[in-house]
Amino acid sequence: MSKYNKEDIIRLVEEEDVEFIRLQFTDIFGMLKNVAITASQLPKALENRCMFDGSAIEGFVRIEESDMYLYPDLDTFEIYPWRPQQGKVARLFCDVYRPNREPFEGDPRYVMKKVLKEAADMGYTFHVGPECEFFLFHMDDDGRPTTSTLENAGYFDVAPIDTAENVRRDIVMNLEEMGFAVEASHHELAPGQHEIDLEYMDGLTAADNIVTFKMAVKTIAKRHGLHATFMPKPKAGVNGSGMHINMSLADSNGINVFYDPSDELGLSRVAYQFMAGILKHMKEITLLTNPLINSYKRLVPGYDAPVYVAWSASANRSPLIRIPSSREDSTRIELRCPDTAANPYLVLAVCLAAGLDGIRGEMVPPASVESNIFAMSKDEMTARGIEQLPETLGEAIEYFAKSDFVRKVLGEHIFTKYLEAKEAEWKKFRAEVTDWEVAEYLYKY
């Protein structure tokens, strides 16, 4: 059931003295875009008559077919609390349509909605709880970001050791004023690293909120004179930043179908099948969950990030998927490899699609791994059928390119455009000579 209608939006804009409305969408890489309109243009926008140049957006369309229309999702109306209170600024997420009024197949939000409909047709609602990590760094005298931090705090530390406690507090308060439900926030393992966890919500809201969350964190950090980055591994020798995704399915009555009290682990057959589907397709979707060359600097042993395609029923954090100890309504699986550089619409879409594929195919996951995989020998891992995630962007590209599953989920347009862009990125990186190579080889050879 919708939260708002057109009249509600117009009334809220008038009552709240909103002057600008940002009509938002993302490109295929999850980068937030918008067309800003004044309140006087709102009725036109609500009639789906706001047009933009799609050829200017990476991965969208060619210049000869550039006209695109924005269809606002009325239930995403929110006012930015950090903007001026006179002449306020609000946002509406939009779906992208072609001039013939058909959904644009290159819109990541459209891909997400397609898979959510598949789940609904099977009787399921997809629920997601993201855990978002990021770094706060100082800026130089010219206002450019650095990778420097003066603090040396660690996991769960408090002020005065955690010097950014008030920054996190400001972020959380602004998010909650926008209607976000924040479950927890704390300092992470590395100096300057932080985590904010959002409460469970439906899949589409989760993707919208992750995009807004990143913008809010960057905006509020800048007000404190800091630079917030969601780069997966901005510094060598410390932990990188991830975006663990907690997932479950509910039935038409809102009951969590992942829970079964008769099972030894409290997991239903559906939960096992859903997890098996993700494990089966994981290598194919890693290019989406971990989209940057830098992402694979995080996915290495020794830094609390998963490297192996396995699952654990205990608190073991070395496998890819773990089952948090909460049960009943809180029963869920936690996918631990994604990072916040990923496009949340595409990541959640392929995770859900993989899980649904597992349910349809009645897949069975391998045995749970309770021991530390990092301490196993290669022979032991081979004997237990434990495979490794792609180690580089190039390897992830190879799995992605061969995947009929991913091609079907994303559609030909996004699949092709995304692959072309990542192949170009990898080719460019391979031609670079890094500082490490110069330091390691210049004198020696």
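Everything numeric in this text was worked out from a predicted model, so none of it was measured. Note: hydrogens, waters and symmetry copies are ignored here, and every other heavy atom, side chains too, is used.
- A heavy-atom distance below 4.5 Å is not found between the side chains of Glu395 and Lys283.
- Under the rule for a side chain to side chain contact (heavy atoms under 4.5 Å, CB included), the partners of Val300 that lie at least two apart in sequence or sit in another chain are Tyr303.
- Aromatic ring centres of Phe134 and Phe230 lie closer together than 6.0 Å.
- The list of salt bridge (charged side-chain N to carboxylate O under 4.0 Å, His left out) pairs with a residue in residues 219-235, not counting sequence neighbours, reads Asp170-Arg223.
- The distance from atom OG1 of Thr392 to atom CD1 of Ile397, rounded to the nearest 0.5 Å, is 8.0 Å.
- The 12-atom threshold is not exceeded at CG of Asp141, counting heavy atoms of other residues, nucleotides or ligands nearer than 6.0 Å.
- Taking each heavy atom of Leu23 and Ala45 in turn, the nearest pair found is CD1-CB, 4.0 Å.
- Checked by atom type, the side-chain pair Glu151/His187 shows a donor-acceptor distance below 3.5 Å.
- Side-chain contact, Arg332 with Tyr259: no donor N or O sits under 3.5 Å from an acceptor N or O.
- In this structure, Asn174 contributes its side chain and Ile171 its backbone to no donor-acceptor pair below 3.5 Å.
- Inspection of the Gln193 and Asn239 side chains reveals no N or O donor paired with an N or O acceptor under 3.5 Å.
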- request: In sequence, state the C-alpha distance, the side-chain angles, and the governing distance for Phe25 and Phe52, and then conclude on ring pair (Phe, Tyr, Trp, His ring centres under 6.0 Å).
  value: CA-CA 11 Å; Phe25 58 101; Phe52 74 101; 4.7 Å; yes

N/O donor-acceptor pairs under 3.5 Å from side chains in residues 428-435, not counting sequence neighbours:
| residue | atom | partner | partner atom | Å |
| --- | --- | --- | --- | --- |
| Thr434 | OG1 | Glu437 | N | 3.3 |
| Thr434 | OG1 | Glu437 | OE1 | 2.9 |

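- Residues satisfying the side-chain hydrogen bond (donor to acceptor under 3.5 Å, both in side chains) test with Glu15, not counting sequence neighbours, are Arg11.
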message: Under the criterion salt bridge (Lys or Arg N to Asp or Glu O under 4.0 Å), I'd like the reasoning laid out for Glu47 against Lys44: C-alpha separation, chi angles, the key distance, then a yes or no.
response: CA-CA 5 Å; Glu47 293 294 333; Lys44 175 183 174 182; over 6 Å; no

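- Across Leu346 and Ile28, no two heavy atoms sit closer than the pair CD1-O, 3.3 Å.
- Side-chain contact between His244 and Pro338: absent, with no pair of heavy atoms (C-beta onward) separated by less than 4.5 Å.
- Counting heavy-atom neighbours within 6.0 Å of Met173 CE, excluding the residue itself, gives a total of 12 or less.
- His194 and Glu188 share no donor-acceptor pair across their side chains, judged by distance under 3.5 Å alone.
- Nearest heavy atoms, Lys3 versus Asp75: N-OD1, 2.6 Å.
- Note: Met282 CE to Leu279 CG = 9.0 Å, rounded to the nearest 0.5 Å.
- The shortest side-chain heavy-atom distance between Asn343 and Leu288 does not fall under the 4.5 Å cut-off.
- Not less than 6.0 angstrom separates the ring centroid of Tyr97 from the ring centroid of Tyr69.
- Using modelled atom types, one side-chain atom of Asp339 and one backbone atom of Ala341 make a donor-acceptor pair closer than 3.5 Å.
- Annotation: cation-pi pair Arg91/Tyr80 absent, no NZ/CZ under 6.0 Å from the ring centroid and within 45° of its normal.
- By the 6.0 Å contact criterion, CZ on Arg169 is open, its count of non-hydrogen atoms from other residues, nucleotides or ligands being 12 or less.
- Between the CG atom in Asp73 and the SG atom in Cys94 there is a gap of 8.5 Å [rounded to 0.5 Å].
- Across Trp311, Phe258, Tyr272, a single residue satisfies side chain to side chain contact (heavy atoms under 4.5 Å, CB included) together with Ile333, and that is Phe258.
- Summarising the local packing, NZ of Lys297 is surrounded by 12 or fewer heavy atoms from other residues, nucleotides or ligands at distances under 6.0 Å.
- Between Glu284 and Lys280, the shortest heavy-atom contact is OE2-O, 3.8 Å.
- Taking the centre of each ring, Tyr418 and Phe400 come in below the 6.0 Å mark.
- Between Asp404 and Lys408 there is no salt bridge, since none of the side-chain N atoms of the basic residue sits less than 4.0 Å from a carboxylate O of the acidic one.
- Residues Leu393 and Asn294 form no side-chain contact, since every pair of their non-hydrogen atoms from C-beta on lies 4.5 Å or further apart.
- Contacts of Arg327 classified as side-chain hydrogen bond (donor to acceptor under 3.5 Å, both in side chains), with partners at least two apart in sequence or in another chain: none.
- Panel note: side chain Tyr296, backbone Asn290; a donor-acceptor pair is recorded below 3.5 Å.
- For the residue pair Asp208/Thr76, the side-chain donor-acceptor check at 3.5 Å is not satisfied.
- The two residues Ala39 and Val18 come nearest to each other via the heavy atoms CB-O, 3.5 Å.
- By the 30° and 60° cut-offs, the orientation of the rings of Phe126 relative to Phe274 is tilted.
- Formation of a donor-acceptor pair under 3.5 Å by the Thr146 side chain with backbone atoms of Asp140 is not found in this model.
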task: Run the numbers on Phe415 and Val406 for side chain to side chain contact (heavy atoms under 4.5 Å, CB included), then give the verdict.
output: CA-CA 7 Å; Phe415 181 87; Val406 178; 4.1 Å; yes

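- By the 4.5 Å heavy-atom criterion applied to side chains, Leu46 and Leu74 are counted as neighbours.
- Using a 4.5 Å cut-off on side-chain heavy atoms (C-beta onward), Glu131 and Asn246 make contact.
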message: Run Tyr71 and Arg49 through side chain to side chain donor-acceptor pair (under 3.5 Å) and show every step you take.
response: CA-CA 8 Å; Tyr71 283 36; Arg49 292 189 290 119; over 6 Å; no

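- Atom CZ of Arg109 and atom CG of Asp107 lie 8.0 Å apart (nearest 0.5 Å).
- Using a 3.5 Å distance cut-off with no hydrogens or angles, the side chains of Ser241 and Glu133 do not pair a donor with an acceptor.
- Of the N and O atoms on the side chains of Thr205 and Asp202, at least one donor lies less than 3.5 Å from an acceptor on the other residue.
- Interatomic distance, CG of Asn34 versus CZ of Arg22, reported as 5.0 Å (0.5 Å rounding).
- A 4.5 Å side-chain heavy-atom check between His413 and Lys417 finds at least one atom pair inside the cut-off.
- Residues Val13 and Glu19 are not in side-chain contact: their nearest non-hydrogen atoms beyond the backbone lie 4.5 Å or more apart.
- Here the closest heavy-atom approach between residue Pro306 and residue Leu389 is recorded as O-CD1, 3.7 Å.
- For the atom pair Asn209 CG and Glu78 CD, the distance stands at 8.0 Å (nearest 0.5 Å).
- Scanning for side chain to side chain contact (heavy atoms under 4.5 Å, CB included) contacts around Pro344 gives Ala207, Ile210, Val211, with sequence neighbours left out.
- Note on ring orientation: taking the six-membered ring where Trp is involved, the planes of Phe77 and Tyr4 are perpendicular (angle over 60°, cut-offs 30° and 60°).
- A donor-acceptor pair shorter than 3.5 Å cannot be found between the side chains of Asn256 and Asp329.
- His227 and Phe135 have their aromatic ring centers separated by at least 6.0 angstrom.
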